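Throughout, residue positions are numbered sequentially from 1 according to the sequence presented. Just so you know, these numbers come straight off a predicted model, no measurement behind them.
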Amino acid sequence: LTIDDALSPLQRLTKYAASSIALQRLVHVRTLGEVAAAAGYADTSREIMPLLPALAVDAEGIIRQTLALQLRPLADALLGAEAGDGARPSPERGPGYAMVSNVILAFLHTLLGDALPEVRTAAGSTLVAMARHLSPADRRGGPLRTALRLAGDRGSDDARVAG
């Protein structure tokens with residue numbers, strides 16, 4: 001397992017998150033939120049967000065679970081970049097909010113339906129924690145709809161997320 005230390009954290013994340021070696025993917029997915037916070041909105045949207053589709057369906061459950069946990073710090077980074085100086089971002093402000101409410105919530109929705117309970121639990125915890133970022137209208141539309149859908153899923157008790 002070799003990692004090129006000459007690369008910046010963002011370059012390492014983009015290179016190794018797509019590695020054929022699961023351990024390299026895991027190590028770098030764990031840095032996703034931290035790297036996004038340092039990279040800023042433009043680099044995060046251009047370099048990090050395109051990594052999410054493959055990671056959300058990774059063959060390794062631990063990768064999907066780690067992604068689910070990293071979506072909250074990723075959202076914090078996207079929204080914090082808009083607010084500047086640590087100020088709390090206001091709902092429905094700018095492209096970072098749109099990315100969180102549209103894109104990140106869609107990945108959480110996917111992960112909430114994962115076959116592994118550990119992935120579903122991590123996604124559920126992240127969804128609850130991220131609800132504070134959302135406007136009341138978006139809370140009713142996205143997370144509440146997802147929770148109600150899962151609660152009403154009578155097909156499999158294992159597919160439900162307990163909250």
Notebook entry, point to check: Of all heavy-atom pairs between Gly33 and Ala77, which one has the smallest distance, and what is that distance?
Noted result: O-CB, 4.3 Å
Note to self: So does Asp4 get a backbone contact from the side chain of Tyr16, meaning a donor-acceptor N/O pair under 3.5 Å?
What the structure shows: yes
Notebook entry, point to check: Taking the side chain as C-beta and beyond, is there a heavy-atom pair between Leu52 and Leu74 under 4.5 Å?
Noted result: yes
Checklist line | Taking every non-hydrogen atom, the tightest pair across Ala68 and Val119 | finding: CB-O, 4.3 Å
Check: Nearest 0.5 Å, what's the CG-CZ distance between Leu10 and Arg46?
Finding: 8.5 Å
Note to self: Any side-chain to backbone donor/acceptor pair from His28 onto Gln24? Under 3.5 Å, distance only.
What the structure shows: yes
Next item on the list: Please examine the side chains of Leu134 and Tyr97, heavy atoms only from C-beta on, and report whether any two atoms are closer than 4.5 Å.
Entry: yes
Check: Which atom pair, heavy atoms only, marks the closest approach of Ile63 to Ala22?
Finding: CD1-O, 3.6 Å
Check: Can you find a pair of side-chain heavy atoms, one from Thr44 and one from Val35, that are under 4.5 Å apart?
Finding: no
Margin query: Other residues, nucleotides and ligands only: do more than 12 of their heavy atoms fall within 6.0 Å of CD on Glu34?
Written below: no
Check: Transitively linked via ILVMFWY side-chain contacts under 4.5 Å: Leu116 with Ile62?
Finding: yes
Notebook entry, point to check: Does Ala36 offer a backbone N or O that forms a donor-acceptor pair with the side chain of Glu47 under 3.5 Å?
Noted result: no
Margin query: Within this structure, what is the CG-OG distance for the pair Leu13 and Ser8, rounded to the nearest 0.5 Å?
Written below: 9.5 Å
Next item on the list: Return the minimal non-hydrogen interatomic distance between Ile3 and Arg12, and the atom names on each side.
Entry: CG2-CD, 3.4 Å
Item checked: Backbone N/O of Thr126 and side chain of Arg72: donor-acceptor pair under 3.5 Å -> no
Check: Does any pair with a residue in residues 56-70 pass side-chain hydrogen bond (donor to acceptor under 3.5 Å, both in side chains), and if so which ones, sequence neighbours excluded?
Finding: Arg25-Asp58, Arg64-Asp114
Notebook entry, point to check: Checking Ser19 side chain against Lys15 main chain: does a donor-acceptor pair fall under 3.5 Å?
Noted result: no
Checklist line | Residue among Val57, Leu127, Leu71 satisfying side chain to side chain contact (heavy atoms under 4.5 Å, CB included) with Leu111 | finding: Leu71
Margin query: Using every non-hydrogen atom in the two residues, find where Met130 and Ala75 come nearest and quote the distance to one decimal.
Written below: CE-CB, 3.9 Å
Check: Looking at Tyr41 and Pro95, what are the two nearest heavy atoms and their distance?
Finding: OH-CB, 3.1 Å
Note to self: Could you see if Ile21 belongs to whatever hydrophobic cluster contains Val27? Use Ile, Leu, Val, Met, Phe, Trp, Tyr and a side-chain cutoff under 4.5 Å.
What the structure shows: yes
Check: When rounded to the nearest 0.5 angstrom, what is the spacing between CZ in Arg30 and CG in Leu67?
Finding: 13.0 Å
Next item on the list: Treat each ILVMFWY residue as a node, draw an edge where side-chain heavy atoms are under 4.5 Å apart, and state whether Leu26 and Leu69 are in one component.
Entry: no
